[in-house]
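Letters A, B, ... are given to chains in the order of the sequence lines, protein chains preceding strands, and every chain is numbered from 1.
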Amino acid sequence: MSDDLTIHDILIKDLPKHEAKTVRIKGWLYNRRHKGKLAFLVVRDGSQMCQATVFKGDVTEEVFELCAQKLTQESSIIVEGVVRADQRAPLGFEISVKNVVAVQIAQEYPIQPKEHGVDFLMNKRHLWLRSSKQWAMMQIRNEFLKATRDFFYDNDFTCIDAPIFTPSACEGTTNLFEVTYFEDKAYLSQSGQLYMEAAAMAMGKVYCLGPTFRSEKSKTRRHLTEFWMIEPEVAYATLDDIMVLAENYVSYAVGRVVEKCRPHLEILERDITKLENIKAPFYRLSYDDAVKYLKEKGMPFEYGNDLGAPDETAISENYDRPVFIHRYPTACKAFYMAPDPEKPHLALCADLIAPEGYGEIIGGSQRADDIDYLLKKIAEHKLPAEIFDWYLDLRKYGSVPHSGFGLGIERTLSWICKVPHVRECIPFPRLMERIYP
RNA sequence: UCCGGAAUAGCUCAAUGGUAGAGCACUCGGCUGUUAACCGAAUGGCUGUAGGUUCGAGUCCUACUUCCGGAGCCA
């Protein structure tokens with residue numbers, strides 16, 4: 001306690017470690033309440049938020065006037081004071097202020113700590129990120145992405161970054177953004193999968209994690225035109241192998257968020273017990289059984305079709321953990337999926353449906369490793385065979401069974417955070433009708 | 001692209017076809033423990049745009065614009 005007079009430059013999240021010490025916080029004024037000779041400043045610095053109390057007798061006249069009158073919402077300030085434990089403070093700790101320096105007095109701030117409309121907030125996304133729920137959301141995203149990289153690194157995966165400019169489509173060209181590429185055309189990648197298949201033949205176990213682009217004219221809570229995806233690909237893996245990989249990964253990443261982001265989940269008012277229950281193994285339901293169930297429930301559905309969003313919701317309502325739906329008819333799935341040797345009309349594929357109505361967060365499959373089957377499928381899907389030359393090489397030189405999946409980061413986060421729309425799960429969302437700010 | 005809904009003060013919302021209102025924010029005043037503080041005062045409007053019906057339109061009709069929700073497709 002001999003260094004009590006030293007001023008410690010600290011982050012607000014470390015306040016409890018500095019009880020009775022003098023600290024300096026560099027941040028912004030989130031909110032202010034004042035009561036005659038006493039002012040309460042709610043200060044945020046990006047790491048957390050805390051309350052600072054200013055008594056008129058403890059500071060100079062100028063500083064008190066600044067705190068009680070002049071400081072506006074979101075003014076940038078440097079606060080010095082002593083850390084004290086206090087039951088009445090939201091964090092359990094607060095700062096008894098000795099001095100405040102205003103770095104800039106903010107102009108009238110448009111976002112208040114109260115309800116606003118979506119359009120208004122989305123137009124102010126650059127400022128909205130400062131609000132507590134958005135801040136909590138981004139902290140959870142950060143933890144989820146770190147947990148993702150840790151999981152795959154610890155399981156001997158090599159991170160291989162896929163290109164974003166691509167010459168061709170993975171699943172047809174209809175949903176691709178076209179860009180000018182010198183004298184030619186190129187497309188923004190809608191998936192790194194084909195490149196991951198190449199990399200898996202070189203490294204064994206690989207993944208890519210990055211943005212992907214789809215110009216789907218979708219205006220729903222589950223769609224962005226630019227979204228982040230993790231795509232692992234594993235040589236010699238079967239469909240069952242990657243279902244195990246997927247459930248281990250998802251339960252690990254959710255566990256990490258629960259472990260490290262409890263305060264953030266509380267800010268979002270998330271029921272944490274629901275997340276604590278997310279442990280492997282997840283449920284498995286064949287497409288055939290899913291259809292049987294939907295028919296029993298009286299939902300209009302024709303065998304052979306892909307499952308729609310309302311179908312997925314109806315199924316997920318029965319489960320307290322994610323559920324795999326596997327072995328869809330090949331007819332409604334992509335050309336690169338391997339057929340089930342026992343039932344060739346079914347593909348060795350699986351989607352993972354999140355609980356609580358959040359829908360599909362993973363699509364994966366075992367890949368067709370036979371070149372003749374692939375050539376047939378490319379023709380059936382009317383895809384230009386010549387742009388798949390390099391891809392078909394993979395089936396000529398040491399082709400092996402292999403499998404992989406893609407998990408949508410924002411969809412998964414919207415489920416973890418129980419946020420209704422994916423647009424709040426990415427810092428600057430890109431939607432069909434919105435590309436600002 | 002299709003189906004449905006909405007647009008009023010800086011923000012969130014009211015207003016039987018008959019004078020456009022409240023809360024919050026901002027400004028001013030009061031208060032030594034506030035938790036989106038509270039109390040008092042002041043301020044704030046070409047009702048999304050363009051037409052139409054009517055003695056009279058924020059309200060009814062038409063078109064357009066923008067946004068929201070959903071479908072298909074997908075992660």
Side-chain angles (χ1 to χ4, degrees), chain A residues 30-42 49-58 64 68-70 72-74 84 86-91 94 96 106-124 128 131-133 170-172 174-176 190-193 209 211-231 246 305-313 328 332-334 351-354 358-364 405-415 420-423 425-426 431-434:
Chain A
Y30 192 73
N31 199 0
R32 184 187 64 174
R33 296 174 281 272
H34 59 97
K35 194 169 169 47
K37 298 187 170 95
L38 175 60
F40 299 97
L41 308 180
V42 179
M49 244 190 258
C50 74
Q51 175 167 283
T53 55
V54 190
F55 283 99
K56 194 166 186 177
D58 292 353
F64 188 78
Q69 304 295 333
K70 290 186 180 164
T72 53
Q73 189 187 356
E74 286 302 321
R84 298 196 193 289
D86 193 317
Q87 297 259 319
R88 294 166 295 188
L91 264 189
E94 63 181 20
S96 292
Q107 296 180 26
E108 190 176 339
Y109 191 69
I111 301 176
Q112 298 169 40
K114 54 166 242 178
E115 297 288 326
H116 292 286
V118 174
D119 187 39
F120 174 78
L121 289 170
M122 290 299 291
N123 285 330
K124 306 257 182 298
W128 189 23
S131 299
S132 62
K133 285 192 177 178
C170 175
E171 300 170 13
T174 46
N175 294 329
L176 291 175
Q190 64 174 350
S191 165
Q193 183 199 316
L209 174 51
T212 45
F213 308 86
R214 296 189 188 174
S215 74
E216 291 161 352
K217 295 195 170 165
S218 304
K219 290 192 290 186
T220 79
R221 69 182 65 178
R222 295 182 305 280
H223 287 88
L224 296 164
T225 56
E226 177 181 326
F227 67 97
W228 282 59
M229 189 154 62
I230 166 132
E231 294 176 277
N305 288 347
D306 207 346
L307 265 51
D311 306 318
E312 289 173 351
T313 302
Y328 288 65
C332 65
K333 287 290 176 182
D351 288 351
L352 185 66
I353 312 299
Y358 278 86
E360 183 183 345
I361 56 172
I362 282 180
F405 64 84
L407 172 138
I409 302 291
E410 291 78 18
R411 281 192 186 176
T412 306
L413 285 170
S414 73
W415 158 55
H421 200 297
V422 288
R423 66 186 161 216
C425 299
I426 187 166
L431 297 138
M432 191 178 144
E433 308 274 10
R434 189 181 292 281

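Between the C1' atom of B:A75 and the CD1 atom of A:I230 lies a distance of 13 Å, rounded to the nearest Å. Atom CD of A:E410 and atom C1' of B:A75 are 9 Å apart (whole Å). The separation between A:K56 atom NZ and B:G33 atom C1' is 17 Å, rounded to whole Å. Rounded to whole Å, atom C1' of B:A36 lies 12 Å from atom NZ of A:K133. The distance from atom CG of A:D119 to atom C1' of B:G5 is 15 Å, rounded to the nearest whole Å. Remark: P of B:G72 and CZ of A:R214 are 16 Å apart, rounded to the nearest angstrom. Atom CZ in A:R32 sits roughly 17 Å away from atom C1' in B:G33 (whole-Å rounding). Between the CD atom of A:E74 and the P atom of B:G10 there is a distance of 21 Å, given to the nearest Å.
A:H421 is not listed as a side-chain neighbour of A:E410, based on a closest heavy-atom distance of 4.5 Å or more. Side-chain contact between A:F55 and A:K37 is absent, with no heavy-atom pair separated by less than 4.5 Å. Contact of the A:L224 side chain with the A:L431 side chain is registered, since non-hydrogen atoms from C-beta on lie closer than 4.5 Å. At a threshold of 4.5 Å between non-hydrogen side-chain atoms, the residues A:R214 and A:F227 count as touching.
As judged by a 4.0 angstrom heavy-atom cut-off over every strand, A:L224 is placed among the base-contacting residues. As judged by a 4.0 angstrom heavy-atom cut-off over every strand, A:D351 is placed among residues making no nucleic acid contact. Across all strands, A:R222 comes closer than 4.0 Å to base atoms (heavy-atom distances). Backbone-only engagement by A:F120 is indicated by non-hydrogen atom pairs under 4.0 Å involving sugar-phosphate atoms exclusively. At a threshold of 4.0 angstrom between heavy atoms, the contacts of A:I361 are confined to the sugar-phosphate backbone, with no base atom among them. Note on A:K219: a base of the nucleic acid sits closer than 4.0 angstrom, heavy atoms only. Residue-level contact check: A:E433 touches the backbone only, with heavy atoms under 4.0 Å from sugar-phosphate atoms and none from bases. Residue A:A39 is out of contact with every strand shown, counting any heavy-atom pair closer than 4.0 Å. If you check every strand for non-hydrogen atoms under 4.0 Å, A:G359 touches nothing.
Nearest nucleotide to the A:R434 side chain, out of B:C74, B:G69, B:C68: B:C68. Closest to the side chain of A:E216, out of B:G10, B:G72, B:C74, is B:C74. Listed candidates were B:A71, B:C26, B:C31. Nearest to the side chain of A:P310 is B:A71. Residue A:S218 has its side chain nearest to B:C73 when only B:A71, B:C24, B:C73 are considered. Relative to the side chain of A:N175, the nucleotides B:U32, B:C73, B:U34 differ in distance, and B:C73 lies closest. Across B:C11, B:G33, B:G69, the shortest atom-to-atom separation from the side chain of A:H421 is found for B:G69. Checked against B:G70, B:A36, B:G10, the side chain of A:R221 finds its nearest nucleotide in B:G70. Side-chain proximity of A:E94 to B:A36, B:C11, B:U34: nearest is B:U34.
Across the strands present, B:G21 finds its partner in B:C13; the criterion is a Watson-Crick or G-U wobble pair with both atom distances under 3.5 angstrom. Nucleotide B:G40 is matched to B:C28 when pairs are restricted to Watson-Crick or G-U wobble geometry with both distances under 3.5 angstrom. Here B:C2 sits opposite B:G70 as a Watson-Crick or G-U wobble pair (both hydrogen-bonding atom distances under 3.5 Å). Within the shown strands, B:A50 is the pairing partner of B:U62 under the Watson-Crick or G-U definition, both distances less than 3.5 Å.
With the nearest nucleotide of RNA chain B identified for both A:V422 and A:L431, A:L431 has the one nearer the 5' end. Where A:A309 and A:G117 meet RNA chain B, the nucleotide closest to each residue was compared, and A:G117 sits on the side nearer the 5' end.
For A:K114 against B:C11, a side-chain-to-base donor-acceptor contact under 3.5 Å is present. A:H223 contributes a side-chain N or O that forms a donor-acceptor pair with the base of B:C74 under 3.5 Å.
We find that the ring of A:F227 and the base of B:A75 stack, their centres lying under 5.5 angstrom apart and their planes tilted less than 30°.
Taking each heavy atom of A:Y30 and A:M49 in turn, the nearest pair found is CD2-SD, 3.6 Å.
Across B:A71 and B:C46, the matching C1' atoms stand 39 Å from one another, rounded to whole Å. Comparing the same atom, C1', in B:U12 and in B:U1 gives a spacing of 33 Å after rounding to whole Å. B:G44 and B:C2 are spaced 45 Å apart, taking the P atom of each and rounding to whole Å. Rounded to whole Å, the separation between the P atoms of B:U47 and B:A42 comes to 25 Å. Rounded to the nearest Å, the gap between the P atom of B:C24 and that of B:C39 is 7 Å. When the P atom is compared between B:A75 and B:G51, the two are found 49 Å apart, to the nearest whole Å. B:A25 sits 7 Å from B:C11 when the C1' atoms are compared, rounded to a whole Å. The C1' atoms of B:G56 and B:A20 are separated by 16 Å, rounded to the nearest whole Å.
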So A:R434 and A:D119, salt bridge (charged side-chain N to carboxylate O under 4.0 Å, His left out) or not? Walk me through it.
-> CA-CA 10 Å; A:R434 189 181 292 281; A:D119 187 39; 2.8 Å; yes
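The shortest distance between the side-chain N/O atoms of A:R423 and the OP1/OP2 oxygens of B:G69 is below 4.0 Å.
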